[in-house]
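Below is one structure, written out as structure tokens; comments come after it.
To find a chain, count down the sequence lines: A is the first, B the second, and so on, and within it residues start at 1.
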Protein chains: 2
Amino acid sequence: MPARRAKRKTYHHGALREALVTNALELLDAGGREAVNVREAARRAGVSPGAPFRHFPDRAALLAALTSEIGAEFRAFSEDAIARAGANPLRQFRAMGLAYIRYAIEHPRRFQLLHAETCTDPHALALFTRDAEAVALIARAQREGFLRAGPPEAVHLAAQALTYGLARMIVDGHLPRAGAEALAEQVLDVFGRGVAAPR
Amino acid sequence: MPARRAKRKTYHHGALREALVTNALELLDAGGREAVNVREAARRAGVSPGAPFRHFPDRAALLAALTSEIGAEFRAFSEDAIARAGANPLRQFRAMGLAYIRYAIEHPRRFQLLHAETCTDPHALALFTRDAEAVALIARAQREGFLRAGPPEAVHLAAQALTYGLARMIVDGHLPRAGAEALAEQVLDVFGRGVAAPR
DNA sequence: TCCCAATGTAATCATTGATTACTTTGCGTT
DNA sequence: AACGCAAAGTAATCAATGATTACATTGGGA
């Protein structure tokens, strides 16, 4: 209830845990993972440096909570994009990839945290949670003649790596963000024509 | 000359700068970028905490020197792989991609540092230093009928993104390192068949 | 030889994470 | 409605690190 950064009237904050995570998110967006620190989050919540300890045993726990929060946001973002893509599974797959890339463009620091080596949240990576399903889909499309032959696992991994690579290149500064989305669509088209069965 | 971690006989270390970078590399490999700290590097060199200041104005400078060192190593690694690939440009390109991935498997922390958003070393990224040349090569292969038609810039970016994505997936823990190289070869094959002109 | 610039030491300060004892609050129980 | 207790925050403290300054030592060149 009490506004962040304002002097608190009550002894108890009321929603310190949430406030800390929110403040940590601000710090992350502003300066990356290394800029996330407990004291500043506490300061912005108008609370003493020891207070966060009641909610998070250490900095890693705060980062974990932040990661979880961001994971949920990303999942919602991704699933929304899939829902908008209609019923065609291949269109859905493409939409998921583009959502991935768009999220990386819009929230690079969050993307970075979410996919860091240290992130162990199994649900954090929406793109990688339907592997078996996606591979089966690819195998079926191959049998039905829509996709050219080849090991479906490799085709799937290629699609993942391509998407992840584009997103990562943007986040890591190897691809200018301006126009990156349009470029990404071209790249996905090249790949799509590559894996499609020759007519 | 004096061994690291041993008590120094002389007042002057002799090669403190190099020793600090070496120690920083150890810290990086052991615990990632965040584990690199000036004091520990100084401690391991058997030198006081203030000594590094003579060589590096701050921690960022030490990290920059470390990055530069790693960049040179990676470049040599990559160029060696290309040299071994023979004269065929397409084979060279494939060899470069595989070298990229192999380096990521062998030295994930170094790869990570080298490709971090904060890395500004323009020569650090061997894969991305011959863009115009590679695009021209692709365009020529298309004209000569080896590759199917399509915007050569997009084909080139697709190849880059695929390679970078695989390497990054390994580094970020999204792909088990065991067997990753063989898997990567399969993926590059799928891509290669995709961009190759239909026979 | 001697001087001085380079290099390392010692001491110090600020920031941050972590931890403990103490204080305040407000809710559930009676 | 009063009480008591658990939850939540404060204050104080310690350790580790980065940064910075004044001082000491060394060795090579004028």
(request) Could you tell me whether a side-chain N or O of A:Q92 sits under 3.5 Å from a main-chain N or O of A:G86, the two making a donor and an acceptor? (result) yes

(request) Please round to the nearest 0.5 Å and tell me the distance separating atom NE2 of B:H156 and atom CD of B:Q160. (result) 4.0 Å

(request) Send over the distance from B:F56 CZ to D:dT17 P, rounded to a whole Å. (result) 18 Å

(request) Determine whether B:L157 and A:L175 make a side-chain contact, defined as any pair of heavy atoms from C-beta on separated by less than 4.5 Å. (result) yes

(request) Would you kindly give the CG-to-P distance between B:L27 and D:dT17, to the nearest whole Å? (result) 10 Å

(message) What I'd like to find out is whether the side chain of B:L25 reaches to under 4.5 Å of the side chain of B:I70, using heavy atoms alone.
(response) yes

(request) Supply the atom-to-atom distance A:H115 NE2 to B:H174 NE2, rounded to the nearest 0.5 angstrom. (result) 5.5 Å

(request) Go along nucleotides 13-21 of chain C 5' to 3' and tag each nucleotide: B for a protein heavy atom under 4.0 Å from its base, S when only backbone or sugar atoms are that close, - otherwise. (result) ---BBBBBB

(request) Would you please classify the geometry between the B:F111 ring and the B:Y103 ring as parallel, tilted or perpendicular, with 30° and 60° separating the classes? (result) tilted

(request) Provide, to the nearest angstrom, the distance between the CG atom belonging to B:L16 and the P atom belonging to C:dG8. (result) 5 Å

(message) Counting only side-chain nitrogens and oxygens, does B:H55 get under 4.0 Å of the OP1 or OP2 atom of C:dA6?
(response) no

